[in-house]
Amino acid sequence: MKLVFPSQLTILASSLLIVSHTALAAPANDPATLAQIRDSAMKQDWAYDRLADMTDLIGPRLSGSAGAAAAVEQVANAMRKIGAKVTLQPVKVPHWVRGEEKAQLVDYTGRPSGITQKVVLSALGGSGATPAEGLTAPVIVVRDFDELTARKAEVKGAIVLFDVAFDDEMAKGGQAGRAYGRGSNYRTNGPRLAQELGAVGALVRSVGGADFRLTHTGATILVDGKRIPAAAVTAEDAMLIARLSKRGPVKMHLTLTPQNLPDADSYNVIADLPGTDKPEEVVIVSGHLDSWDLATGAHDDGAGVAAAMAVIDTLKKLNLKPRRTIRVIAWMNEENGTRGGRGYFDMNQQKMEQHFAAIESDNGAGRPLGFMGSVRPSMVKYFAPLQKSLDQIGAGVFDRRDAAAGSDIALLERAGVPSFQPLVDFTTYFNFHHTPADTLDKVDPVELKRQVAVMTSLTWYLANMDENIGRTVVPQ
């Protein structure tokens, strides 16, 4: 028999008390904590205030511009102010500058003497330039790449118009992304294919669902030495040109004077909330800081950046400390190069195993319905407590996919990092995406709060999971 002395009994009792308290302590992902995070996010205006600062005080933020540089400083300062550890990661970015852009229909069948018609257009990112005085050429209207090839004899020396309508019915049916992908394919690849057949210019019907004579800009993949003038025309002007072309030949005078300048210095803004017992493991939550230059990028992607920033702000206000490090990233240059995402991947290639998960929000600030993620099917059940919490605000859907990454985290996902994004209703998103209408007034403050609730809850949940969700396998 082993004797136990009084002093040992005291120590033993204390030890049992500690074990008992540890066993009874609520886990980080318990329902009460998840509810606290959700409800706090739904009461805060911090993200909307940061979005207002970005859009109203700075405006457009195209890579290489003064606006982009100001946004880097503004976001870094805001994150420092709430106590995050901020790092600026240098990245070289494209520097394309929009110049003069105008067009007129100067000849067509039935044109009254002295009459010309203005065409509303905006140069596409990476477009080449016309001579300063512009150029005059016939316009050839095609409706797909097959017709372009079939009419290649007519293309040389002409301006090609890709008249492909945005499928609004598909968008209303819940397939807005597919509708956009179909139209944007002509914006991205059309100018290059037209140039290869000898065209002197390329026009693309604006890709979007609101026909209010809005232009929809975006990137094209023209390269140095082969850049022709390329622009988006409004849906109304594209339809006019198509109607006139049925009457006979149409001729346009086109002036575009953009400049492709040397790459500029910029930064990804990285803000960390260090983890407690697993600080070497990282959960990224992010949005992209740059925007196109026609508007202030409130939906694309100011809202995503502001919501990601608010993850740390929400947790700080609740004094909640994650097990894994939460890393907010405001990516630079998603719109016309994704240099920020590639730069981060290149810098961290040897640390992929330490990246537990990555989240990016880049589908606007519409109604969040839940989240999507690239986890293995067997792991879906482990997210049930999170779904149950988010059901209280109508955002409990988990849409599991083989690939779910936004542009900036796509390389991370392909390297095995499970990737997530908010599942957002973006039926009407392409009404203003990349247009002059993407402004703060289009963002519903309540829906932005709901997105903050989803992103903060998801980030916290991932940062504190006991289960190892494993590496993802993305189809190539």
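Keep in mind it's a predicted model, so treat the numbers as computed, not measured. We number each residue from 1, following the sequence as shown.
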(request) Go through the steps to decide whether Met239 and Arg205 satisfy the test side-chain contact (heavy atoms from CB on, under 4.5 Å), and finish with yes or no. (result) CA-CA 9 Å; Met239 290 187 281; Arg205 179 168 169 163; 3.5 Å; yes
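- Electrostatic pairing of Asp45 and Lys449 counts as a salt bridge here, judged by a charged N lying under 4.0 Å from a carboxylate O.
- Using a distance-only test at 3.5 Å, with no hydrogens or angles considered, a donor-acceptor pair links the side chain of Arg450 to the main chain of Ile393.
- Here Asp444 does not pair with Lys442 in a salt bridge; the nearest charged N to carboxylate O distance is not below 4.0 Å.
- Environment of CD in Glu73: sparse, with no more than 12 heavy atoms of neighbouring residues, nucleotides or ligands closer than 6.0 Å.
- Across every non-hydrogen atom of Leu318 and Ile37, the tightest pair is CD1-CA, 3.8 Å.
- Partner of Lys92 under the side-chain hydrogen bond (donor to acceptor under 3.5 Å, both in side chains) criterion, chosen from Asp265, Asp263, Asn333: Asp265.
- With hydrogens and angles ignored, the 3.5 Å screen pairs no side-chain donor or acceptor of Ser266 with any backbone N or O of Met332.
- A heavy-atom distance below 4.5 Å is found between the side chains of Met54 and Val305.
- A salt bridge does not link Asp391 with Lys388: every distance from a Lys NZ or Arg NE/NH1/NH2 to an Asp or Glu carboxylate oxygen is 4.0 Å or more.
- Counting only heavy atoms from C-beta outward, the side chains of Arg327 and Val285 never approach each other to under 4.5 Å.
- A side-chain hydrogen bond (donor to acceptor under 3.5 Å, both in side chains) with Ser374 is found for exactly one of Arg400, Arg401, Glu413, namely Glu413.
- Heavy atoms only, all atoms of each residue included: Asn77 and Arg80 are closest at OD1-NH1, 3.0 Å.
- Side-chain contact check for Ser122 and Thr215: at least one donor-acceptor pair (N or O, by modelled atom type) lies under 3.5 Å.
- Using a 30° and 60° split on the angle between ring planes, Tyr344 and Trp331 fall in the perpendicular class, above 60°.
- A distance of 9.0 Å separates CG of Asn464 from CG of Leu34, quoted to the nearest 0.5 Å.
- A side-chain donor-acceptor contact under 3.5 Å links Asp438 to the backbone of Ala298.
- Using a distance-only test at 3.5 Å, with no hydrogens or angles considered, no donor-acceptor pair links the side chain of Glu360 to the main chain of Ser286.
- His433 and His299 share no donor-acceptor pair across their side chains, judged by distance under 3.5 Å alone.
- When side chains are defined from C-beta on, Met465 counts as touching Tyr382, because their heavy atoms get closer than 4.5 Å.
- Of all heavy-atom pairs spanning Arg471 and Met352, the tightest one is NH2-O, 2.7 Å.
- For the side chain to side chain contact (heavy atoms under 4.5 Å, CB included) criterion with Leu273, the lone passing option out of Arg324, Lys316, Lys321 is Lys316.
- His434 and Glu335 form a side-chain donor-acceptor contact under 3.5 Å, judged by distance and modelled atom types alone.
- You'll find the side chain of Ser419 stays beyond 4.5 Å of the side chain of Ile359, heavy atoms only.
- Between Phe398 and Phe371, the distance from one ring center to the other falls under 6.0 angstrom.
- With 3.5 Å as the limit, one finds no donor-acceptor pair spanning the side chains of Tyr186 and Arg143.
- The aromatic rings of Tyr429 and Phe432 stand perpendicular to each other, their planes meeting at an angle above 60°, with 30° marking the opposite boundary.
- For the residue pair Asp362 / Gln421, no side-chain donor-acceptor distance below 3.5 Å is found, with atom types taken as modelled.
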(message) Pair Val233, Val120 - check side-chain contact (heavy atoms from CB on, under 4.5 Å), show working.
(response) CA-CA 6 Å; Val233 300; Val120 178; over 6 Å; no
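- The environment of Arg227 atom CZ is dense: over 12 non-hydrogen atoms of other residues, nucleotides or ligands sit within 6.0 angstrom.
- Note that CG of Leu203 and CZ of Arg187 are 14.5 Å apart. Values are rounded to the nearest 0.5 Å.
- Between atom CG of residue Asn29 and atom CZ of residue Phe383 there is a gap of 9.5 Å, rounded to the nearest 0.5 Å.
- For the pair Arg61 (side chain) and Gly297 (backbone), a donor-acceptor distance under 3.5 Å is present.
- Side-chain polar atoms of Thr188 and Asn185 form no donor-acceptor pair below 3.5 angstrom.
- A pairwise comparison of heavy atoms in Ala410 and Ala405 identifies CA-CB, 3.8 Å as the closest pair.
- Val86 has its side chain out of reach of Ile270: every pair of non-hydrogen atoms, C-beta onward, lies at least 4.5 Å apart.
- Annotation: side chain of Leu51 is in contact with side chain of Val443 (closest heavy-atom distance under 4.5 Å).
- Applying the 6.0 Å contact sphere to CD of Gln350 captures no more than 12 heavy atoms from other residues, nucleotides or ligands.
- The main-chain N or O of Asp290 is found under 3.5 Å from a side-chain atom of His288 such that the two form a donor-acceptor pair.
- Atom CG of Leu315 and atom NZ of Lys317 lie 11.0 Å apart (nearest 0.5 Å).
- Contact record, Ala303 with Leu448: O-CD1, 3.9 Å, taken as the closest heavy-atom pair.
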(request) Go through the steps to decide whether Arg38 and Ser389 satisfy the test side-chain hydrogen bond (donor to acceptor under 3.5 Å, both in side chains), and finish with yes or no. (result) CA-CA 8 Å; Arg38 178 199 66 216; Ser389 177; 3.3 Å; yes
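- Remark: the backbone N or O of Gly304 is paired with a side-chain donor or acceptor of Asp301 at under 3.5 angstrom.
- Judged by distance alone, the side chains of Asp30 and Thr33 do bring a donor and an acceptor atom under 3.5 Å apart.
- A salt bridge is defined here as a Lys NZ or Arg NE, NH1 or NH2 lying under 4.0 Å from an Asp or Glu carboxylate O, and Lys172 with Asp168 meets this definition.
- Residue Leu320 holds its CG atom at 13.0 Å from CD1 of Ile312, rounded to the nearest 0.5 Å.
- A donor-acceptor pair under 3.5 Å is formed between the side chain of Ser127 and the backbone N or O of Ala230.
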(request) Given side-chain contact (heavy atoms from CB on, under 4.5 Å), test Val417 with Ile409 step by step and report yes or no. (result) CA-CA 9 Å; Val417 180; Ile409 62 173; over 6 Å; no
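- At least one side-chain heavy atom of Phe356 sits under 4.5 Å from a side-chain heavy atom of Ile469.
- Within the cation-pi definition used here (under 6.0 Å to the ring centroid, within 45° of the axis), Arg98 does not qualify as a partner of Trp96.
- Residues Pro94 and Arg339 have side chains in contact (heavy-atom distance under 4.5 Å, counting atoms from C-beta outward).
- Heavy atoms only, all atoms of each residue included: Leu214 and Ala437 are closest at CD1-CB, 4.1 Å.
- A donor-acceptor pair under 3.5 Å links the side-chain atoms of Glu101 to the main chain of Ala123, judged by distance alone.
- Between Thr314 and Gln44, the side chains place no donor N or O within less than 3.5 Å of an acceptor N or O (distance only, hydrogens not considered).
- Of the possible donor and acceptor atoms, none in the side chain of Thr472 sits under 3.5 Å from a partner among the backbone N and O of Pro418.
- To the nearest 0.5 Å, atom CD of residue Gln392 and atom OG of residue Ser457 are 11.5 Å apart.
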